[in-house]
Q: 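I am attaching a structure below and will ask some questions about it afterwards.
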Amino acid sequence: MSGVAAVLEWLDARQPAAPEGLRARMAEAVSAPATARLAAEHCAAGAAAPGAAPTRGAWLAAVLAAAAVVTMRRVLAAPGGRAAAYDLLAADALLTYACEAAAEAGLDALEATTHAHDPVRLAELLRPEEE
């Protein structure tokens, strides 16, 4: 099973299930190449030891949080309209699910996730990427 498929399977197991439109937006964000890059950076920065692999829950949290950031960046790049509202809902849901996945992994993973996405860090992550 691919990484994206594993994340989507985890999302689909949540109850109650997300409405189809919201689920589609989340799936799009999880599948984005920018999400994979940002999640890899987050996992590398949070590794307990050089070369250490994150736990499954910490990895899920990193991917979901990265997808939230990617979605918020899209909103900031092209604000307005109903599409932006759906994207904001998706970003909120993704970051909430990231905290849920981290909590399932344990206190250390939850603390790392909330610290990595506190308001100051989130503002830094949402700055436009330099080309």
Q: Apply side chain to side chain contact (heavy atoms under 4.5 Å, CB included) to Leu95 and Leu64, showing your working.
A: CA-CA 6 Å; Leu95 198 50; Leu64 292 163; over 6 Å; no
Q: If every non-hydrogen atom of Tyr97 is compared with every non-hydrogen atom of Pro16, which pair is closest and at what distance?
A: OH-O, 4.4 Å
Q: Is there a path of hydrophobic side-chain contacts, each under 4.5 Å between heavy atoms of I, L, V, M, F, W or Y residues, that connects Leu76 with Leu88?
A: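 No, separate clusters.
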Q: Rounded to the nearest 0.5 Å, how far apart are CG of Leu60 and CD of Glu104?
A: 8.0 Å
Q: I'd like to check the side chain to side chain contact (heavy atoms under 4.5 Å, CB included) partners of Ala91; sequence neighbours left out, ordered by chain and number.
A: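 Partners of Ala91 by the side chain to side chain contact (heavy atoms under 4.5 Å, CB included) criterion, ordered by chain and then number, come out as Thr71, Met72.
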Q: Does either side chain, that of Glu100 or that of Trp10, offer a donor lying less than 3.5 Å from an acceptor on the other one?
A: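 Glu100 vs Trp10: no donor-acceptor pair found between side chains.
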Q: Roughly how far, to the nearest 0.5 Å, is OG1 of Thr96 from CZ of Arg14?
A: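 One gets 13.0 Å once the value is rounded to the nearest 0.5 Å.
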Q: Which heavy atom of Ala58 sits nearest to which heavy atom of Ala105, and what is that distance?
A: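 Scanning both residues completely, I find the closest heavy atoms to be N-CB, 3.9 Å.
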Q: Any sub-3.5 Å donor-acceptor pair from His115's side-chain atoms to Glu111's backbone N or O?
A: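 Flag not set: sc His115 to bb Glu111 has no pair under 3.5 Å.
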Q: Do you know the tightest heavy-atom contact between Ala6 and Arg56?
A: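 Residues Ala6 and Arg56, closest heavy atoms: O-NH2, 4.1 Å.
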Q: I'd like to know if Leu126 and Val75 are part of one continuous hydrophobic network [Ile/Leu/Val/Met/Phe/Trp/Tyr, side-chain heavy atoms within less than 4.5 Å].
A: no
Q: Output yes when a side-chain donor or acceptor of Thr35 lies under 3.5 Å from a complementary backbone atom of Ala29, and no otherwise.
A: yes
Q: Show your reasoning for whether side chain to side chain contact (heavy atoms under 4.5 Å, CB included) applies to Leu8 and Val4.
A: CA-CA 6 Å; Leu8 296 177; Val4 169; 3.8 Å; yes
Q: Looking at every heavy atom in both Ala32 and Val70, which two are closest together, and how far apart are they?
A: CB-CG1, 4.3 Å
Q: Looking at CE of Met26 and CG of Asp92, how far apart are the two atoms once the value is rounded to the nearest 0.5 Å?
A: 10.5 Å
Q: Just how far is it from atom OG1 of Thr114 to atom CZ of Arg121, taken to the nearest 0.5 Å?
A: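 With rounding to 0.5 Å, OG1 (Thr114) is 13.5 Å from CZ (Arg121).
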Q: Is a side-chain N or O of Arg23 found less than 3.5 angstrom from the main chain of Leu11, in a donor-acceptor match?
A: no
Q: Hey, what do you get for OH (Tyr86) to CG (Leu22), rounding to the nearest 0.5 Å?
A: 10.0 Å
Q: Enter the distance from Asp87:CG to Arg74:CZ here, rounded to the nearest 0.5 Å.
A: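 If I round to the nearest 0.5 Å, the distance is 4.0 Å.
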Q: Please lay out, stage by stage, how Val30 and Leu94 fare under the test side chain to side chain contact (heavy atoms under 4.5 Å, CB included).
A: CA-CA 9 Å; Val30 165; Leu94 287 160; 4.1 Å; yes
